[in-house]
J.: 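My questions all concern the structure below.
Chain identifiers are assigned alphabetically (A, B, ...) following the order of the sequence lines, protein sequences preceding nucleic acid strands; residue numbering begins at 1 within each chain.
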There are 2 protein chains.
Amino acid sequence: MSTLPCGRKKPSNTPKNTQKTAEWKVVLARYLKDKKLRATTQRERVAEMIFIKKSHFDVQTLIKEVQTKHPEIGPATIYRSVNTLCDAGLLQESLQSNSGVTLYEAIEEEHHDHIVCLDCGEIFEFHDEAIEDAQNKALRKMGFQQAKHKHVIYAKCALVAKNKKGE
Amino acid sequence: MSTLPCGRKKPSNTPKNTQKTAEWKVVLARYLKDKKLRATTQRERVAEMIFIKKSHFDVQTLIKEVQTKHPEIGPATIYRSVNTLCDAGLLQESLQSNSGVTLYEAIEEEHHDHIVCLDCGEIFEFHDEAIEDAQNKALRKMGFQQAKHKHVIYAKCALVAKNKKGE
DNA sequence: ATGAATGCAAAGGTTTTGCACCCCC
DNA sequence: GGGGGTGCAAAACCTTTGCATTCAT
């Protein structure tokens, strides 16, 4: 539970994973049919690997993981599958990793923002109404209509800071 | 003034450009001396081009601009200069452009966030205390100590929306 | 059987690196 | 004159694309 490298457990307002772990198959099938695209085994395999594993992955890592199980699936196909899943509204770019690589995540019901722990690198999801409210208010004041946003906070665990102080 | 493609003027809470347009030379010189690095003409030229032009540029564009004035300066040197300026605390990555390229900006006194206008692509800077407060409060509640954050909002001008509605 | 998808390899684009030469301190 | 910096080219990456072949429908 609290076995993260930085010694803390996940923030309590982490959104539940509302992702319809089974539902993606339905959504994908509907999308493919709609666009007159084809349900291939490769695409299915890639999608499975994506929706089984935890979020915030980069394509290169995905490629390695897919190819250990299915060596016959080429990188190009995996890139194409990721793009298709994005188009289908099942996947989205979430944030850049520390090293600047694009990370993807499954699209979930609830909107959330990210905290990257500067101590352990772990990425936490959180949702805070007060922030969202302040944001919407500020936007309206500035004459914008909100569309979407990316809010990434890079922070340190208070816990770790305390431990270090005590050293 | 209000000649942006989307027909609006900048939000009123845009931070003033507090950047010490002259001061960067001092800061850079101090940094170089401190790290026992050398003040070369190329680095100087690149830094000049950066601090004269407006923020939110990508390296490829910078290279083209530098090379029109100083064709003898190679891309590698420009990349290296940008990295040095980042290390010196004068420059930072700010956000990704629409096409996913990393944009840089001069580090200024005041912290600010970004709004990318989905109509005209213009990048606005803004600062909102209410958002910052809510953010700090949320972080404390979750047991984090704030370090820094990137908050990018992708929004549409209310103005344009109104015009379209009237069409 | 039609045309979308795949796998491969090549190309495209960006950033880094190796190295001989240069020049700042 | 010693060592950091530059310029060039090559390499290292990541991602996309062209094309012949395969395969879902």
J.: Please determine whether a side-chain nitrogen or oxygen atom of B:Asn83 lies at a distance below 4.0 Å from atom OP1 or OP2 of C:dT16.
T.: yes
J.: Send over the distance from B:Leu103 CG to C:dT14 P, rounded to a whole Å.
T.: 13 Å
J.: Test ring pair (Phe, Tyr, Trp, His ring centres under 6.0 Å) on A:His112 and A:His127; report intermediate values, then the result.
T.: CA-CA 5 Å; A:His112 62 256; A:His127 179 84; 8.8 Å; no
J.: What's the CD1-C1' distance between B:Ile78 and C:dT16, to the nearest Å?
T.: 15 Å
J.: Kindly say if B:Thr40 contacts the phosphate of C:dC23, meaning a side-chain N or O under 4.0 Å from OP1 or OP2.
T.: no
J.: For D:dG7, does either OP1 or OP2 sit under 4.0 Å from a side-chain N or O belonging to B:Thr77?
T.: yes
J.: Taking the minimum atom-to-atom distance to the side chain of B:Tyr79, which one of C:dT14, D:dT15, D:dT6 wins?
T.: C:dT14
J.: Nearest whole angstrom, please: distance from the C1' of D:dG3 to the NZ of B:Lys35.
T.: 17 Å
J.: So does B:Arg38 get a side-chain nitrogen or oxygen closer than 4.0 Å to the phosphate oxygens (OP1/OP2) of C:dC23?
T.: no
J.: To the nearest 0.5 Å, tell me how far A:Ile78 CD1 sits from A:Arg45 CZ.
T.: 12.5 Å
J.: Between B:Glu105 and B:His114, does a side chain to side chain donor-acceptor pair (under 3.5 Å) hold up when you go through it step by step?
T.: CA-CA 12 Å; B:Glu105 67 181 1; B:His114 295 101; 3.2 Å; yes
J.: Using heavy-atom distances to pick each residue's nearest nucleotide on DNA chain D, tell me which of B:Leu32 and B:Pro75 is more 5'.
T.: B:Leu32
J.: Roughly how many Å is it from CG in A:Asp34 to P in C:dA4, rounded to a whole number?
T.: 15 Å
J.: Take the protein atom CD of B:Glu72 and the nucleotide atom P of C:dC22, then report the distance between them rounded to whole Å.
T.: 16 Å
J.: Please report the distance, rounded to the nearest Å, between NZ in A:Lys36 and C1' in D:dT25.
T.: 12 Å
J.: Starting from the 5' end of DNA chain C, give me the residue, B:Gln60 or B:Ala39, whose nearest nucleotide shows up first.
T.: B:Gln60
J.: To the nearest Å, give me how far apart NZ (B:Lys33) and P (C:dC24) are.
T.: 17 Å
J.: Quick one: pull up CD1 in A:Ile73 and CD1 in A:Ile63 and give me the separation to the nearest 0.5 Å.
T.: 11.0 Å
J.: I'd like to know whether A:Asp113 forms a side chain to side chain donor-acceptor pair (under 3.5 Å) with B:His151, so could you lay out the CA-CA distance, the side-chain angles of the two residues, the decisive distance to 0.1 Å, and finally the verdict.
T.: CA-CA 10 Å; A:Asp113 296 316; B:His151 192 167; over 6 Å; no
J.: Between the base of D:dG4 and the side chain of B:Arg80, is there any donor-acceptor pair under 3.5 Å?
T.: no
J.: Hey, is the side chain of A:Arg43 poking within less than 4.0 Å of OP1 or OP2 on C:dA5, counting only N and O atoms?
T.: yes
J.: Does OP1 or OP2 of D:dC23 have a side-chain N or O of A:Gln42 closer than 4.0 Å?
T.: no
J.: Taking the minimum atom-to-atom distance to the side chain of A:Ile73, which one of D:dG7, C:dG7, C:dA5 wins?
T.: C:dG7
J.: Could you give the CZ-to-C1' distance, from B:Arg45 to C:dC24, as a whole number of Å?
T.: 15 Å
